[in-house]
Amino acid sequence: MPHREINPYEAMQASLRVASELYGLDDALFKVFMAPTRSMIVSLPVLMDNGQWEVFTGYRVQHNLTRGPAKGGIRYDMNVTLDEVKAMAAWMTWKTAVVDVPFGGGKGGIVCDPNRLSIGEKERLTRRYIAEIMDIIGPDRDVPAQDMGTDAQTMAWVLDTYNMHVRRTENAVVTGKPLGLGGSLGRNEATGRGVLITAREAMQRLGKPLAGATVAIQGFGNVGSQAARLMHEAGARIVAVCDLKGAIRNDRGLDVHALLKHHLETGTVTGLKGAEPMDPAELLTLAVDILVPAATENQITDENAPQVRAKVIVEGANGPTTPEADAILLEHRVLVVPDILANAGGVTVSYFEWVQNRQGFYWREREVNERLVDYMTHAFQATFATTDKYKTNPRIGAYILALDRVAQAMKYRGFYA
Ligand code: GLU
């Protein structure tokens with residue numbers, strides 16, 4: 001049940017305001033953080049397969065560049081708006097600061113329905129978009145990656161277009177690339193693995209093991225499906241999942257390997273043998289140990305938050321919980337692992353990919369995964385230490401941790417005027 005009328009940028013600003021007040025942020029810095037550094041809007045003429053030209057709208061927003069080049073995905077979706085991209089870019093500033101990787105925040109998007117584009121149309125659209133934003137991206141400027149509606153193939157076109165323009169190999173210009181083209185082992189599952197790591201830490205805080213815990217997952221894209229697989233392998237019981245076509249459940253635990261196979265073959269989770277269909281809205285209010293919203297923004301709102309019965313929410317998606325819902329969840333003592341921590345595994349391994357590209361030396365999968373555990377557990381501990389210190393909820397704790405890191409870097413640099 002999407003609540004698109006809730007503006008994600010206003011939701012970001014609301015949390016930023018609360019965190020800044022509690023932290024005592026300098027007013028000048030607060031004003032700087034409230035607005036992105038740079039927003040670019042481009043019109044993209046694309047020759048469609050039917051011989052007609054369509055003009056698409058694309059965005060690239062850089063929220064803050066203090067700690068390093070902008071970093072963040074490119075989203076292909078009909079609901080992309082400038083404010084959504086601005087929100088996501090800001091969340092990337094906070095996310096990269098929470099896990100302490102040397103990037104700022106960026107995000108891009110194109111208003112399109114990726115499922116209705118042919119592969120050729122998608123390639124031409126991607127290339128035209130990259131050609132238009134060429135001047136503001138680059139390994140030391142702004143490094144895109146995948147997000148909703150884009151994948152490793154899209155990133156390969158980004159790499160090729162950029163490299164053709166600069167006339168040299170610059171594979172650190174984009175992350176989430178295919179293996180063999182500068183991609184990193186472990187990147188494809190990194191966001192799901194980060195969800196697993198933070199879910200385990202959250203359960204530990206409640207004094208419970210992840211093994212045997214019940215889990216419901218909203219969304220079965222890259223994040224939801226990888227989280228399902230990894231949490232299942234860690235011994236958790238995945239009792240419900242959904243996608244845009246519907247939801248399924250089995251209280252004894254879904255057969256996750258059969259589910260992944262079924263999803264690969266049919267493109268949906270619905271119709272899995274041994275599972276009952278259910279109302280997708282109901283999935284969010286199931287009495288489970290862990291709820292993983294891994295779809296899109298504004299899914300847990302003041303309307304359904306009072307009915308949420310999960311003990312822990314691990315936000316695989318960006319912005320799935322509205323600020324009003326947050327207050328209700330806090331009152332109901334639901335432990336929320338906020339998006340800027342819970343889904344930061346993706347950008348952390350993007351950082352590893354960028355480092356490997358620049359070194360020209362590639363790591364083993366085990367090294368990637370071990371380093372990811374190290375970064376994520378540190379970030380989790382630091383977030384909860386800040387949460388406890390400021391006697392707030394973990395979202396505001398994560399914002400304060402991030403604000404503090406970005407603000408300190410800005411103070412050293414000063415304002416160039
Ligand atoms: N799109 C992902 C996110 O929202 C990954 C970004 C990246 O790897 O740069 O975190």
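Both counts, for ligands and for their atoms, begin at 1 and track the order of listing. Note: hydrogens, waters and symmetry copies are ignored here, and every other heavy atom, side chains too, is used.
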Chemist: Parallel, tilted or perpendicular: which one describes the rings of Tyr399 and Trp94, with boundaries at 30° and 60°?
Modeler: tilted
Chemist: Give the contacting part of Gln146 toward ligand 1: side chain, backbone, both or neither, where contact means a heavy-atom distance below 4.0 Å.
Modeler: backbone
Chemist: May I ask you to list the atoms of ligand 1 that are less than 4.0 angstrom from any heavy atom of Ala145?
Modeler: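 Near Ala145, the atoms of ligand 1 are 7 (C), 8 (O), 9 (O).
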Chemist: Mark the output for Lys95 as yes if a heavy-atom distance to ligand 1 is under 4.0 Å, and as no if none is.
Modeler: yes
Chemist: Which atoms of ligand 1 have any heavy atom of Gly72 under 4.0 Å away?
Modeler: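 Every atom of ligand 1 under 4.0 Å from some heavy atom of Gly72: 9 (O).
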Chemist: Can you name the atoms of ligand 1, numbered from 1 with element, that are less than 4.0 Å from a heavy atom of Ser350?
Modeler: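 So the answer, numbered in order with elements, is 7 (C), 8 (O), 9 (O).
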Chemist: Between Arg395 and Ser15, does any side-chain donor sit less than 3.5 Å from a side-chain acceptor?
Modeler: no
Chemist: Does only the side chain of Val349 get under 4.0 Å from ligand 1, or the backbone, or both, or neither? Count heavy atoms.
Modeler: neither
Chemist: Could you tell me whether the side chains of Asp151 and Thr154 share a donor-acceptor contact shorter than 3.5 Å?
Modeler: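 Yes, a side-chain donor-acceptor pair sits under 3.5 Å.
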Chemist: Strictly under 4.0 Å, does any heavy atom of Lys107 approach an atom of ligand 1?
Modeler: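 Checking ligand 1 against Lys107, which is what was asked, there is a heavy-atom contact under 4.0 Å.
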Chemist: What atoms in ligand 1 come closer than 4.0 Å to a heavy atom of Met92?
Modeler: 3 (C), 4 (O), 6 (C), 10 (O)
Chemist: Within the 4.0 Å heavy-atom shell around Gly73, which atoms of ligand 1 are there?
Modeler: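 Near Gly73, meaning under 4.0 Å from one of its heavy atoms, ligand 1 has 1 (N), 6 (C).
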Chemist: Looking only at heavy atoms of Met148, does any of them come nearer than 4.0 Å to an atom of ligand 1?
Modeler: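 Distance cut 4.0 Å: Met148 fails for ligand 1.
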Chemist: Can you see whether Asp404 engages Tyr23 through a side-chain donor-acceptor pair at a distance of less than 3.5 angstrom?
Modeler: yes
Chemist: Would a line drawn from the ring center of His63 to the ring center of Trp91 be shorter than 6.0 Å?
Modeler: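 Ring centres of Trp91 and His63 not closer than 6.0 Å.
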Chemist: Checking side-chain polar atoms at under 3.5 Å, does Thr268 have a donor or acceptor matched by the opposite partner on Thr266?
Modeler: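 Judged by distance alone, the side chains do not pair up.
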